[in-house]
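Worksheet: the structure to be examined is printed underneath.
These numbers come from a predicted model, not from an experiment.
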Amino acid sequence: MTTRAEYCVIACAEAWRDNGEVLASPMGLVPSFGARLAKRTFSPDLLLTDGEALLVGLDGEPEGWLPYRRHLTMVTGGRRHVMMGASQIDRYGNQNISCIGDWERPARQLLGVRGAPVNTLNNPVSYWIPRHSTRVFVERVDMVSGVGHDRAVGPYHRLPRVVSDLGVFDFETPDRTMRLASVHPGVTVDEVRAATGFTLVTGDDVPFTREPTAEELRLIREVIDPKGLREREVPAR
């Protein structure tokens, strides 16, 4: 039986489908497993990195050097697809990882904007949110770190998808607001609506997230994540 965590890995992997030779920059366990699954199956041209200075193969062995200056060149030319996290995200895809509450006196200090503005303006950015709730999916983010569709400029801005533990979301709507593209098996559309702090665009018949193939399940369970770390990030329900 496929677990919720495995559906999430599949949904994250699909973010890199047909991307060609771009640098995959997943942040978090499930996105990392998704990127490695995509490269092993339907996106073999993806480039993986050790997160520091090397391009690596599927076995983790170095395949090339990726100095910081070259990394920056890829970032500014749309040759990288990042999957980041979000402490808050709104209907237009604006992301906050900086602070909660008013900027002048925040209730909680977070990471800071980090590279989110540059990422979102210069290369495709998707998001992974392991715990879908109204605290994360909000009407308006407290501070814009990653740039959404209502304020984006530049030819490389693109937000392909948002994946949470409840479903998959995109911005394929006339006004570029968030749409529920699929729900993971075992989740209802009403559950997703109740856990979202704004009105989601939904179709008349929202599909389920696709099933993994037998080979994809084998790769996830035996090759990519044999220790089952995915189940810690997305516990079974």
Side-chain angles (χ1 to χ4, degrees), residues 2-68 70-86 115 118-120 122-130 146 156 158-165 167-170 181-182 184 209-234:
T2 305
T3 67
R4 180 77 60 84
E6 289 162 346
Y7 283 114
C8 291
V9 172
I10 289 293
C12 288
E14 285 289 341
W16 285 284
R17 182 179 285 275
D18 299 326
N19 274 199
E21 192 178 64
V22 303
L23 182 65
S25 294
M27 301 179 186
L29 280 176
V30 167
S32 295
F33 298 151
R36 287 156 60 187
L37 179 66
K39 183 171 176 64
R40 285 183 178 274
T41 53
F42 49 76
S43 293
D45 293 330
L46 273 184
L47 301 176
L48 302 179
T49 177
D50 66 350
E52 295 184 10
L54 296 172
L55 294 171
V56 297
L58 287 169
D59 57 0
E61 290 298 310
E63 290 188 337
W65 185 42
L66 188 66
Y68 198 57
R70 186 177 175 194
H71 198 153
L72 287 176
T73 301
M74 298 179 78
V75 170
T76 57
R79 296 287 307 282
R80 183 174 73 152
H81 184 168
V82 182
M83 182 168 279
M84 299 179 66
V118 173
N119 287 342
T120 47
N122 290 286
N123 50 235
V125 175
S126 294
Y127 292 106
W128 160 242
I129 298 166
Y156 299 119
R158 189 163 69 88
L159 306 178
R161 66 171 43 196
V162 177
V163 180
S164 81
D165 60 333
V168 179
F169 310 82
D170 62 26
S182 73
H184 303 322
T209 302
R210 79 165 177 88
E211 293 287 333
T213 66
E215 176 61 8
E216 286 172 333
L217 273 183
R218 186 193 71 79
L219 287 171
I220 293 170
R221 294 172 178 178
E222 299 178 16
V223 178
I224 296 171
D225 181 30
K227 295 182 179 180
L229 298 178
R230 62 194 179 278
E231 305 297 337
R232 298 183 187 179
E233 193 159 70
V234 185

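Taking the side chain as every heavy atom from C-beta outward, I10 and T2 never approach each other to under 4.5 Å. Looking at heavy atoms from C-beta onward, V162 lies out of side-chain contact with V168 at the 4.5 angstrom threshold. Two residues are said to be in side-chain contact when any heavy atoms from C-beta on lie closer than 4.5 Å; P130 and D165 fail this criterion. At least one side-chain heavy atom of W128 sits less than 4.5 Å from a side-chain heavy atom of V163. With a 4.5 Å cut-off on side-chain heavy atoms, R210 and Y7 do not count as touching. The shortest side-chain heavy-atom distance between L159 and Y127 falls under the 4.5 Å cut-off.
Although no hydrogens or angles enter the test, the distance criterion places a donor-acceptor pair under 3.5 Å between the side chain of N122 and the main chain of V118. Distance alone, capped at 3.5 Å, places no donor-acceptor pair between the E231 side chain and the G228 backbone. With S43 contributing its side chain and L46 its backbone, the two residues share no donor-acceptor pair below 3.5 Å. Formation of a donor-acceptor pair under 3.5 Å by the R79 side chain with backbone atoms of E21 is found in this model. The backbone N or O of S164 lies less than 3.5 Å from a partner atom in the side chain of H184, making a donor-acceptor pair. Between the side chain of W16 and the main chain of K39, no donor-acceptor pair closer than 3.5 Å is present. Looking at R161, its side chain does come within 3.5 Å of a backbone N or O of A11 through a donor-acceptor pair.
Applying the 6.0 Å contact sphere to CZ of R232 captures no more than 12 heavy atoms from other residues, nucleotides or ligands.
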Stepwise side chain to side chain donor-acceptor pair (under 3.5 Å) test for N119 and R80: CA-CA 9 Å; N119 287 342; R80 183 174 73 152; 2.3 Å; yes
Please report the C-alpha distance between R40 and E215 in whole Å, then the side-chain angles of each, then the deciding distance to 0.1 Å, and finally whether the salt bridge (charged side-chain N to carboxylate O under 4.0 Å, His left out) criterion is met. CA-CA 10 Å; R40 285 183 178 274; E215 176 61 8; over 6 Å; no
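Here the straight-line distance linking atom CE of M84 with atom OG of S126 works out to 11.5 Å at 0.5 Å rounding. Note that the CG atom of L29 and the CZ atom of R230 stand 11.0 Å from one another [nearest 0.5 Å]. Taken from OG in S182 to CG in D170, the straight-line distance is 9.0 Å, to the nearest 0.5 Å. Separating the CZ atom in F33 from the CG atom in L229 is a distance of 5.0 Å, to the nearest 0.5 Å. Interatomic distance, CG of D18 versus CZ of F42, reported as 8.5 Å (0.5 Å rounding). In this structure, CG on L48 lies 8.0 Å from CG on L23, to the nearest 0.5 angstrom.
Annotation for I224 and R36: closest pair O-NH2, 3.2 Å, computed over non-hydrogen atoms. Residues E216 and P212 approach most closely at OE1-CA, 3.3 Å, considering heavy atoms. The minimum heavy-atom distance linking L37 with A13 is given by the pair CD2-CB, 4.2 Å. When all heavy atoms are compared, the tightest approach of P124 to P160 is CB-CG, 4.1 Å.
Donor-acceptor pairing under 3.5 Å is lacking for the side chains of H81 and S25.
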